[in-house]
Amino acid sequence: DQLQAHMNLGSICLREQRNLEAVKHFGEAVRINPRFPPAHNLLGTALLRQGQRQKARKHFQRAVELDPAYENARDNLQAIGGPVATGDGS
């Protein structure tokens, strides 16, 4: 499906350091399904590689809000100094 295609393409772009393209694909994945935590986490990763810490933090935070047990997103959020939400909107 479209979501998986954008996730796959974004992941390839991340591996190849094509961060601008990765942002495009993960951004499209978030648009398709804004409640899919991996899309937010990987979009945050691509944004962070571009030096966009605030935007990255927002997406890491959203991934954790959607899935408080999502370790990768929690780790990413903590690594850039963001508070880890409990999933209740705080």
Side-chain angles (χ1 to χ4, degrees):
D1 66 7
Q2 288 288 317
L3 174 64
Q4 194 58 55
H6 283 290
M7 292 297 291
N8 291 342
L9 289 168
S11 294
I12 290 167
C13 291
L14 269 184
R15 276 195 304 274
E16 295 178 353
Q17 303 295 318
R18 293 168 26 212
N19 299 315
L20 186 61
E21 290 175 72
V23 166
K24 181 181 115 179
H25 288 295
F26 293 131
E28 188 61 19
V30 165
R31 187 193 66 76
I32 291 167
N33 184 354
R35 299 192 54 79
F36 187 54
H40 284 282
N41 186 54
L42 290 170
L43 177 54
T45 299
L47 287 165
L48 188 59
R49 287 185 181 181
Q50 290 186 315
Q52 298 185 51
R53 290 178 62 88
Q54 289 299 101
K55 288 182 181 180
R57 180 179 290 117
K58 179 183 106 174
H59 287 285
F60 294 146
Q61 183 69 48
R62 185 65 181 137
V64 171
E65 289 169 359
L66 292 167
D67 181 1
Y70 190 8
E71 289 297 320
N72 285 343
R74 292 175 67 85
D75 292 346
N76 288 335
L77 185 57
Q78 287 178 329
I80 63 170
V84 177
T86 60
D88 63 3
S90 63

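Only a predicted model underlies this, so the values are computations on that prediction, with no experimental measurement involved.
Interatomic distance, CZ of Arg53 versus CZ of Arg57, reported as 5.5 Å (0.5 Å rounding). A distance of 5.0 Å separates CZ of Arg35 from CG of Leu66, quoted to the nearest 0.5 Å. Here the straight-line distance linking atom CZ of Arg74 with atom CG of Asn72 works out to 12.0 Å at 0.5 Å rounding. Taking CG of Leu14 as the reference point, atom CZ of Arg49 lies at 4.5 Å (rounded to 0.5 Å). A distance of 10.0 Å separates CG in Leu9 from CD in Gln4, rounded to the nearest 0.5 Å. Distance check, rounded to the nearest 0.5 Å: CD of Glu71 to CG of Asn76 gives 11.0 Å.
Under a hydrophobic clustering in which Ile, Leu, Val, Met, Phe, Trp and Tyr are joined whenever their side-chain heavy atoms come within less than 4.5 Å, directly or via other members, Leu3 and Leu43 fall into the same cluster. Criterion: ILVMFWY side-chain heavy atoms under 4.5 Å apart, direct or through other members. Under it, Ile80 and Leu42 are not part of a common hydrophobic cluster. Transitive grouping of hydrophobic side chains (ILVMFWY, heavy atoms separated by less than 4.5 Å) keeps Leu47 and Phe60 in distinct clusters. A chain of hydrophobic side-chain contacts below 4.5 Å, direct or via other Ile, Leu, Val, Met, Phe, Trp or Tyr residues, connects Ile32 to Phe36. Linking Ile, Leu, Val, Met, Phe, Trp and Tyr whenever their side-chain heavy atoms come within less than 4.5 Å leaves Tyr70 and Val30 in two separate clusters.
Across Pro37 and Ala63, no two heavy atoms sit closer than the pair O-CB, 3.5 Å. Shortest non-hydrogen contact noted between Val23 and Ala46 is CG2-CB, 3.6 Å. Nearest heavy atom pair, residue Gly10 against residue Ala22, reads O-CB, 3.7 Å.
Between His40 and His59, the ring planes are parallel. Angles under 30° get that label, and only those over 60° would be called perpendicular.
Using a cut-off of 4.0 Å between Lys/Arg side-chain N and Asp/Glu carboxylate O, Glu21 and Lys24 are scored as not salt-bridged.
Counting non-hydrogen atoms of other residues, nucleotides and ligands closer than 6.0 Å to CD of Gln2 gives a total of 12 or fewer.
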